[in-house]
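First the structure, in the form of structure tokens, and then the observations on it.
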Amino acid sequence: MVRNGIHHVTAIAGKARQNLDFYTRTLGLRLVKKTVNFDDPGAYHFYYGDEAGSPGTILTFFPWEHAAPGRAGSGELQETVFRVPLASIGYWTARLAAQGVQRGGRFGETLLTFRDPDGMRLALVGLPGIEAEPAWDNGEIPVEHAIRGFHSVSLLISDAARTGAILSDVFGFAAAGREGETHRFQAEGTAVGGIVDLRVAAGVGPARLGRGSVHHLAFRAADDAAEFAMVRRLAENHGLQTTEQKDRDYFRSVYFREPGHVLFEIATDVPGFAVNEPLASLGSALKLPRFLEGHRAEIEAALPALA
Ligand code: ZN
């Protein structure tokens, strides 16, 4: 079975509690893992997704209470787009009124664009025929309207050629049309998280990372063998080196900066979020990597309050 497409998107937030409220209540995603930033255990790392945290549905955040706002620009992931049923566009237009939602279109699809409380650019695409797909019930949003994973992401870069070549040659995407300066790439047979749009912007200054910015974009690899095959292709065909593989507990990852300066990750589908918590209670307990478990008491005392 081919498994291509987006694995997850990781962004930077400000206040943890505000982030948790917005994504689990306003957008109705499931908190599938509550852990800490492995490199900075004084901060949370939240993972939101569908019921199981399936690849292609996972948006993650490093909330830093006092993070300075990011600045939009070239060399970053500019917009993260979720799928909702087409018939739910009216529901979401009303629900997101306070977020300054605007209706538009792209590649013939109906699009609602808005911002999260930290200014991160988000959108919903209304798609026909997805009502029957399973969705997470957050107890507040009628399940027929619920988000069904990622539709796409848009990268703002100065030149699409080399990034597009990597999407096609390494990650299983194919060129799927162009609208103005936006080049669409689609992973064949991947309904959820299967689209990357490359927006070419000449003369735009570089993005500065901060609150509301996306930190990196992760692509799927079925397992370690698939990941290492991608690493070899990057080196042999594109002259790019990745980091060594890092164990993120729920997937195993390598990282590299693509030619448009966006940080890319390759993450395995295995082992997934149910590796250390039952599916029914995902996200309810603070999970720490083994190397931090001995410091649990200090870590819990230092993390910001969520209620
Ligand atoms: Zn990641």
Side-chain angles (χ1 to χ4, degrees), residues 1-9 54-59 74-83 86 105-111 123-130 133 148-201 214 216-223 225-240 242 251 253-269:
M1 185 173 132
V2 179
R3 291 183 185 145
N4 287 320
I6 297 164
H7 185 283
H8 66 268
V9 172
S54 310
T57 75
I58 310 159
L59 177 59
S74 182
E76 72 172 350
L77 193 158
Q78 187 187 38
E79 188 179 63
T80 302
V81 187
F82 294 98
R83 306 159 77 240
L86 183 58
R106 195 184 298 156
F107 291 95
E109 295 168 330
T110 302
L111 195 77
L124 303 177
V125 157
L127 298 176
I130 68 168
E133 291 182 12
R148 269 86 170 166
F150 289 131
H151 170 267
S152 58
V153 294
S154 294
L155 312 186
L156 191 69
I157 53 179
S158 58
D159 174 17
R162 291 185 66 200
T163 306
I166 289 167
L167 292 177
S168 304
D169 180 53
V170 182
F171 295 135
F173 287 73
R178 178 177 172 178
E179 190 175 282
E181 294 306 312
T182 301
H183 303 250
R184 174 157 287 192
F185 288 81
Q186 192 149 12
E188 197 180 338
T190 302
V192 178
I195 295 173
V196 175
D197 286 335
L198 303 182
R199 291 185 188 163
V200 178
V214 168
H216 63 265
L217 168 62
F219 292 91
R220 296 176 66 177
D223 53 22
E227 184 165 288
F228 292 135
M230 290 172 174
V231 169
R232 279 193 301 275
R233 286 185 87 82
L234 280 169
E236 288 168 9
N237 299 350
H238 305 274
L240 290 169
T242 67
F251 42 84
S253 300
V254 299
Y255 302 82
F256 68 100
R257 201 156 294 272
E258 58 85 32
H261 304 293
V262 181
L263 184 60
F264 278 4
E265 172 182 351
I266 309 170
T268 56
D269 282 1

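For the numbers below, each heavy atom of this structure counts, side chains included, while hydrogens, waters and symmetry mates do not.
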Please evaluate residues V196 and L155 with respect to the criterion side-chain contact (heavy atoms from CB on, under 4.5 Å), reporting the C-alpha separation (whole Å), side-chain torsions for both, the decisive distance (0.1 Å), and the verdict. CA-CA 8 Å; V196 175; L155 312 186; 4.2 Å; yes

Qualifying residues under salt bridge (charged side-chain N to carboxylate O under 4.0 Å, His left out), relative to R232, sequence neighbours excluded: none

Output for pair (S154 OG, D197 CG), nearest 0.5 Å, gives 4.5 Å

Return the set of residues passing salt bridge (charged side-chain N to carboxylate O under 4.0 Å, His left out) with E179 (not counting sequence neighbours), or none when no residue passes. none

From L156 atom CG to H261 atom NE2, the distance as rounded to the nearest 0.5 Å: 12.0 Å

Considering residues at least two apart in sequence or located in another chain, which fulfil the side-chain contact (heavy atoms from CB on, under 4.5 Å) criterion with E76? A72, A207, S213

Between R106 and E79, does at least one N-O distance fall below 4.0 Å, as a salt bridge requires? yes

Nearest heavy-atom contact between N4 and A187 is CB-CB, 4.0 Å

For F107, ring pair (Phe, Tyr, Trp, His ring centres under 6.0 Å) partners two or more places apart: none

F264: what forms a ring pair (Phe, Tyr, Trp, His ring centres under 6.0 Å) with it, not counting sequence neighbours? F219, F256

Listing request: all side-chain hydrogen bond (donor to acceptor under 3.5 Å, both in side chains) pairs with a residue in residues 155-166, at least two apart in sequence or in separate chains. T163-E258

How many angstroms lie between atom NE2 of H151 and atom CD1 of I130, to the nearest 0.5 angstrom? 9.5 Å

Once ring pair (Phe, Tyr, Trp, His ring centres under 6.0 Å) is applied, do any residues pair with F251, and if so which ones, sequence neighbours excluded? H7, H8

T268 side chain to A221 main-chain N or O, any donor-acceptor pair under 3.5 Å? no

Does the side-chain contact (heavy atoms from CB on, under 4.5 Å) test come out yes or no for E227 and V254, once each step is laid out? CA-CA 8 Å; E227 184 165 288; V254 299; 3.7 Å; yes

With side-chain contact (heavy atoms from CB on, under 4.5 Å) as the test, would you mind laying out the steps for R178 and E181 before giving the verdict? CA-CA 7 Å; R178 178 177 172 178; E181 294 306 312; 3.5 Å; yes

Sorted by chain and residue number, the side-chain contact (heavy atoms from CB on, under 4.5 Å) partners of V9 (sequence neighbours excluded) come out as I6, L59, L77, T80, F150, V153, V214, L217

Verdict with supporting geometry, F173 and I195, side-chain contact (heavy atoms from CB on, under 4.5 Å): CA-CA 8 Å; F173 287 73; I195 295 173; 5.7 Å; no

Partner residues of A160 under the side-chain contact (heavy atoms from CB on, under 4.5 Å) criterion, sequence neighbours left out: H183, L198, V200

Can you measure from OG1 (T57) to CZ (R83) and round to the nearest 0.5 angstrom? 11.0 Å

Please name all residues satisfying salt bridge (charged side-chain N to carboxylate O under 4.0 Å, His left out) with E109, sequence neighbours left out, ordered by chain then number. R184

For T242, give me all partners under side-chain hydrogen bond (donor to acceptor under 3.5 Å, both in side chains), at least two apart in sequence or on another chain. none

Please name all residues satisfying side-chain contact (heavy atoms from CB on, under 4.5 Å) with V170, sequence neighbours left out, ordered by chain then number. I166, M230, R233, L234, H238

Is it true that the side chains of E265 and S253 contain a donor and an acceptor less than 3.5 Å apart? yes

All heavy atoms of L240 vs all of R257, minimum pair found to be CD2-O, 4.0 Å

